Structures are given as C-alpha cells and as structure tokens.
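Notes follow once the structure below has been shown.
Everything numeric here is computed off the predicted structure, so don't read it as measured data. Values below: every heavy atom of this structure, side chains too, minus hydrogens, waters and symmetry copies.
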Amino acid sequence: FFNSDTIYKKWVHYGDNEHADKTVPERYGIEAVHHEILGFNTYENRLANYIKTYDAFQVANLMRDFRSRNGIDKFIKNVTSEQSTMYYAYAYVSMYLVPYVYWTLEHSMKNGRDVVYFITRDGNLLKPIADAIIKETGWPLTTKLMYGSRKAWRVPGIDFDEDGNISETVYSNFGLFQTSFDSVDKFLQAGELTKETFEVFFPSLKNYLEMEEVSLENVVNFRNMARENKEYNEHLLRVSQEKLEIVSEYIKQEIDPTESFTVVEFWGRGYTQNSFRNILRRTFKDDSLYSEFYYARSIYQNEEGSIRYNFTNSAKDLTFIEFLFNTVPMKTVTGYEEKDGKIVATFAEQHSDFYAYFEKYTIEFASAFAKIDFYDKDSILRELFDFSTDYFQRYKKDPMILDNFSQFSDNAAIGGKDLAYAPEFTPKQMMTLRIDELSKMTKSLPMSLEKSSPLTNKIFKMRQANSRMIRKILKKK
C-alpha cells in the first residue's frame, strides 16, 4: 500500500489491540484510535460457558452487541431500570421462546405444512417471533393467530363415546373441575350451571351455594357425584351442542381443512388439543381429521386423532413461562359472538408495560438470530432453551429476573386469581402472617425476600431463630 499511488488526506486506523492497532500504525505516521472490546456480562459468560461451542459465543455476541448499541454496562449496578427491561426482553425472554419457534417453523416446513396457526394467548408472543424469522429466512410459510383457549373449547369439544356418554376425562383431575374456585359463581360457570339448575341437579349439595369459595375437597366431592348424575350429564351434552354452533362457525371462518396446516402452543397437558380435535371433526363432520400440535413439551403423548411434536422431553418445570404469556394485552378467550357479519372471540383486554418491550426488543433479537449461520443448528436451539430454563431455576436472584420477571402475574387454573410470581413482602405481613401463609403468596420465597426491605428480612430471620429455639425446647421435653 505504501508503494501505491493512492492519494489520501487522512488515514485513521481503529482497533482493539494495543500493539497492533496503536503502536504499529503510529510508527508509520498513521492516526490510531485504540478501543477496548466490551466484555461479556455475567449472564453472557454463563451462557457461553454452559454450552461451550462457537455457536453459543455467536449468540452471546448478539447480546453483547445489543448492550454496546444501547450503552448498557456489563456491571448491573450501572444499569438503569429502563435498560434492565430492554436487556431482559432481548436476552432473557428470547431464550425461552425464539429457539422453540425457530424449531417449530423449520420442522413444520419439512413436514410439508403451508399454514401455521398460533393459539392465543401463547400465540400473541410466538407469532410475532415467527413472522420475524420468516421475514429473514424467506421460508414459504403463512402464519395466523387463532383465538381460542381451554376455557372456550372445553365444553363444545367435550369428549363423549359413540353412545353419547360423557367420557371419564371430563371428570378427571384435569377436566372441567380441576381445581378449587375462589367464588361459587366461577364454580358454577365451570360446570355450565346456574344456582337454580345446580339445586335441581344436586339438591344434596345446595350448601355449596352459601360458600365464599369452593375448596378442592368440595370440588372432588362434586366431581364424583356429577360423574354418576345422568340428568346433569344430559344437560352438559345439550350445552355442548349449543356452544358448538358458534365455535364451528368461527372454525369454518378461519380454517380451510384442505390446507396443510399445523398448530402451535407453548406447553400444556394436551387437553385443549383434544377439545380442538373434537371441534374440528364435528365442525366439518369428518372423523378422519386430526389435530397436529407443536409444544415445547406436552404431558400427553400421541393418541388417536392428536399428534404431538415436542421440542424437549426434559421434565424441567416450564410453568414459570406462563407468567410471561400473561403480559400480552388480552385475557383468556371466554367464547365467541357475531359482530359485523364475522364471528369474533370475546375476551377482556389488559395492559402490561412489558409487552411494548417484547414487541421491540425480543423481536429484534429474533431477526438477528435468524441471520446467524450456525455450525450445528439443531443442537444450539435445544442447548439455548435448556440453558434458559436451567438458568432461571439456578439464578432466580439475578437482578434482571428480580427486577422484571418477579412482578409478572398469572393464575394456574380457570377461574383463579392473578398473583405475582414473587411479590415483595411488607414488614407488617412478615409480622402478622404465618410462614405457610406467606409461602402461598409467592412462587419463590427466596425471590420475595430478596425484593423485600432489610427490615422485612430482619423480622424473617428473627422468626426463624425463634422457631429453632422453640423446636429445641420441645425436643428436650
């Protein structure tokens, strides 16, 4: 280059090596700008060291580059609340969802599918990720959001045999009545009952109507009686047929059974899928139709008419991710109605500040991720997912998780109350409530304590010390 005829006004060399990029250029009269490489933060280091492949470093680099672009320091003490949520959406949330969605798209495409349906509310997060990936890869897939839920489909999709008898699954631990209810009204709604019809079908249980809440013990007692109650079962079948009419109209409006399609949820037992299978067959009057669903993991295996593809067979707990899905701007679909000549889902709207961060930063990650040329794509997808779920269980006190995830809320069952994953305890709560009562208020006592004030933690430690002392005294006696 020095011997060429190139004419230049100024020559500036940029680099991160003190000797090669500063000392040597300056020796030749070149203006040198030395800069340090932004190092990995703790989370990125743990990701890279957990997987220990070049592909893992490529993903960690995406996260580091994001911090570099947005001025996010690698030391958590220097990170603002806004930056924390930005990075959490980009680096943490993405690991739970993006590898799984990437796999479902690639797998369904290899299976010859043309249309991928994403069921609400999981689909409110999963479909935008899929769209970002498809935009980058150019894959020939169409995505659609399907408004449905266990709550909306469980009765019209109820299981019954050839003789019209209700299946045992309806009264199983995971059927219509699977948990306690915090009000009688919600209990009655689950069984498609009013107070009047309940008294007609179950006169011996009319004391239930006076209860403030219906305990699991009472629910199990009711299930056992309902299973043998012919009149009630006939009533349930009638309601099922009535509800099926408008659900079928919605399915006909949204689905072409001649298309090659598949359906995506995140995780679940498989009960909702079976309800969908029954609705699909009854809608198009074709018992040869089957439902094909993708899951991060399902509990049920393949069965007649229900094909399930699982991203992982690991028994790791994935229920915590349900709290993330509850940040979408809608509550569970409760049913359907006709509006302006179309069948639309009915649901309550809700607001979550976090959803805007998801839309911007998690989707930004999905686009960048889809551009990476991986050496071993199949392995890295599952390794990243495994890392994310393991990391959550091992490092729940990570400030990013504490500051963002712990405040997300959800309910575990139909009719339940939304509760924060790990709420902060007040000193008054710590002084007045039993430890078992406090434990029921949080999914993680250590996380809640970490978020709580020094005074609250001091009271907790004093209570622990007193408990140990009392146990010693009782043991001596």
Problem set entry | Minimum-distance pair of heavy atoms, taken over all atoms of Arg463 and Ile435 | NH2-N, 3.8 Å

For this session: Determine whether more than 12 heavy atoms belonging to other residues, nucleotides or ligands lie under 6.0 Å from atom CD of Glu259.
Result: yes

Exercise. Where do Asn326 and Ser409 come nearest, in terms of heavy atoms and distance?
Worked result: ND2-O, 2.6 Å

Problem set entry | Any donor-acceptor N or O pair under 3.5 Å, side chains Asp55, Thr53 | no

Exercise. So, Ser81 and Ser84: side-chain donor and acceptor under 3.5 Å apart, yes or no?
Worked result: no

Exercise. Any idea which heavy atoms bring Arg277 and Ser291 closest together, and the distance?
Worked result: CB-OG, 3.6 Å

Exercise. Is the number of heavy atoms from other residues, nucleotides or ligands within 6.0 Å of NZ (Lys127) greater than 12?
Worked result: yes

For this session: Report yes if some heavy atom in the side chain of Phe118 is under 4.5 Å from a heavy atom in the side chain of Val116; otherwise report no.
Result: yes

Exercise. Any salt bridge between Lys144 and Glu254, counting N to O under 4.0 Å?
Worked result: no

Exercise. Strictly under 6.0 Å, is that where the ring centroids of Tyr117 and Tyr294 end up?
Worked result: no

Exercise. For Ile133, does its backbone N or O pair with a side-chain atom of Glu136 as donor and acceptor, under 3.5 Å?
Worked result: no

Exercise. Between the main-chain N or O of Leu105 and the side-chain N or O of Ser108, is there a donor-acceptor pair closer than 3.5 Å?
Worked result: yes

For this session: Give a yes or no answer on whether the side chain of Glu292 reaches the backbone of Ser306 with a donor-acceptor pair at less than 3.5 Å.
Result: no

Seminar exercise, completed: Heavy-atom closest pair (Ser439 atom, Leu445 atom, distance to 0.1 Å) is OG-CD2, 4.2 Å

For this session: Taking atom types as modelled, find out whether Glu82 and Tyr357 have a side-chain donor-acceptor pair closer than 3.5 angstrom.
Result: yes

For this session: Start with the C-alpha distance between Asn70 and Tyr87, add both sets of side-chain angles, then the distance that settles side chain to side chain donor-acceptor pair (under 3.5 Å), and finish with yes or no.
Result: CA-CA 9 Å; Asn70 292 281; Tyr87 185 73; over 6 Å; no

For this session: Measure the spacing between CD1 of Ile72 and CZ of Phe66 and express it to the nearest 0.5 Å.
Result: 5.0 Å

For this session: Look only at the side chain of Asn124 and the backbone of Phe325, and say whether a donor-acceptor pair between them is shorter than 3.5 Å.
Result: no

Seminar exercise, completed: Rounding to 0.5 Å, atoms CZ (Arg113) and OG1 (Thr142) come to a distance of 14.5 Å

Throw together a table of side-chain donor-acceptor distances under 3.5 angstrom for residues 358-368, partners on residues two or more places apart or in other chains.
unit_1	atom_1	unit_2	atom_2	d
Thr362	OG1	Ala89	O	2.7
Glu364	OE2	Arg69	NH2	2.8
Ser367	OG	Ile363	O	3.3

Problem set entry | Sidechain-backbone polar pair: Gln273 side chain, Ile307 backbone, donor-acceptor under 3.5 Å | yes

Exercise. For Asn274, which of Glu304, Arg154, Glu303 qualifies under side-chain hydrogen bond (donor to acceptor under 3.5 Å, both in side chains)?
Worked result: Glu303

For this session: In sequence, state the C-alpha distance, the side-chain angles, and the governing distance for Arg121 and Met330, and then conclude on side chain to side chain contact (heavy atoms under 4.5 Å, CB included).
Result: CA-CA 8 Å; Arg121 292 181 303 161; Met330 63 174 289; 4.0 Å; yes

Problem set entry | side chain to side chain donor-acceptor pair (under 3.5 Å) between Thr332 and Ser149, intermediate numbers included | CA-CA 7 Å; Thr332 299; Ser149 69; 5.8 Å; no

For this session: Give a yes or no on this: more than 12 heavy atoms of other residues, nucleotides or ligands lie within 6.0 Å of atom CG of Asp373.
Result: no

Problem set entry | Tyr309 versus His107, side-chain donor and acceptor atoms under 3.5 Å | no

For this session: Inspect the contact between Asp386 and Lys316 and indicate whether a charged nitrogen and a carboxylate oxygen are less than 4.0 angstrom apart.
Result: yes

For this session: Check Gly39 against Arg67 and note the closest heavy-atom contact, atom names and distance.
Result: O-NH2, 2.7 Å

Exercise. Is the centre of the Phe387 ring less than 6.0 Å from the centre of the Tyr43 ring?
Worked result: yes

For this session: Would you check if the side chain of Thr442 reaches a backbone N or O of Tyr421 as a donor-acceptor pair within less than 3.5 Å?
Result: yes

Exercise. Can the ring centroids of Phe405 and Phe408 be said to lie less than 6.0 angstrom from one another?
Worked result: yes

Exercise. Do Asp353 and His351 touch side chain to side chain, with heavy atoms closer than 4.5 Å?
Worked result: yes

Problem set entry | Test item: side-chain donor near acceptor, Thr85 and Asn404, under 3.5 Å | yes

For this session: Determine, stepwise, if the pair Leu97 / Phe266 fulfils side chain to side chain contact (heavy atoms under 4.5 Å, CB included).
Result: CA-CA 9 Å; Leu97 306 179; Phe266 187 73; 3.9 Å; yes

Exercise. Does NZ or CZ of Arg150 fall inside the cone over Tyr271's six-membered ring, less than 6.0 Å from its centre and within 45° of the axis?
Worked result: no

Exercise. Going from OH on Tyr290 to CG on Leu280, what distance comes out if it is rounded to the nearest 0.5 angstrom?
Worked result: 10.5 Å

Exercise. Is a salt bridge present between Asp182 and Lys186, judged by a nitrogen-to-oxygen distance below 4.0 Å?
Worked result: yes

For this session: State whether the side chain of Asn78 and the backbone N or O of Asp73 hold a donor-acceptor pair below 3.5 Å, judged by distance alone.
Result: no

Problem set entry | Test of ring centre spacing under 6.0 Å for Phe311 and Tyr295 | no

For this session: Kindly say whether the aromatic ring centers of Phe385 and Tyr96 come within a distance under 6.0 Å.
Result: no

For this session: Let me see the working for Gln83 and Tyr88 under side chain to side chain contact (heavy atoms under 4.5 Å, CB included), right down to the final yes or no.
Result: CA-CA 8 Å; Gln83 290 175 330; Tyr88 181 75; over 6 Å; no

Exercise. With a cut-off of 6.0 Å (strictly less than), are more than 12 heavy atoms of other residues, nucleotides or ligands near CD of Glu212?
Worked result: no

Exercise. Does a side-chain heavy-atom distance below 4.5 Å link Gln407 with Phe354?
Worked result: no

For this session: Compute whether any side-chain donor of one residue and acceptor of the other, for Ser215 and Ser180, lie under 3.5 angstrom apart.
Result: no

Exercise. Between CG of Leu62 and CD of Glu44, what distance do you get to the nearest 0.5 Å?
Worked result: 10.0 Å

Exercise. Under 3.5 Å, side chain of Thr327 to main-chain N/O of Tyr355, donor-acceptor pair present?
Worked result: no

Exercise. For the residue pair Trp267 and Tyr100, is the inter-centroid distance of their aromatic rings smaller than 6.0 Å?
Worked result: no

Exercise. Is it the case that Asn61 and Arg64 place a side-chain donor and acceptor less than 3.5 Å from each other?
Worked result: yes

For this session: With sequence neighbours left out, write down each residue that passes side-chain hydrogen bond (donor to acceptor under 3.5 Å, both in side chains) with Ser314, or none if nothing qualifies.
Result: none

Exercise. Arg308 and Gln301: side chain to side chain contact (heavy atoms under 4.5 Å, CB included), yes or no, with the steps?
Worked result: CA-CA 7 Å; Arg308 299 181 174 95; Gln301 300 302 308; 5.9 Å; no

For this session: Answer with yes or no whether the side chains of Asp398 and Tyr92 bring together a donor and an acceptor at under 3.5 Å.
Result: yes

For this session: Would you check if the side chain of Asp317 reaches a backbone N or O of Thr319 as a donor-acceptor pair within less than 3.5 Å?
Result: yes

For this session: Look only at the side chain of Asn310 and the backbone of Asn313, and say whether a donor-acceptor pair between them is shorter than 3.5 Å.
Result: no

Exercise. Which atom names give the shortest non-hydrogen contact between Ser453 and Pro427, and what distance separates them?
Worked result: OG-CG, 4.1 Å

For this session: Scan side-chain atoms only and decide if Asp159 and Thr169 contain a donor-acceptor pair under the 3.5 Å cut-off.
Result: yes

Exercise. Does the pair Arg434/Glu437 count as a salt bridge with the N-to-O cut at 4.0 Å?
Worked result: yes

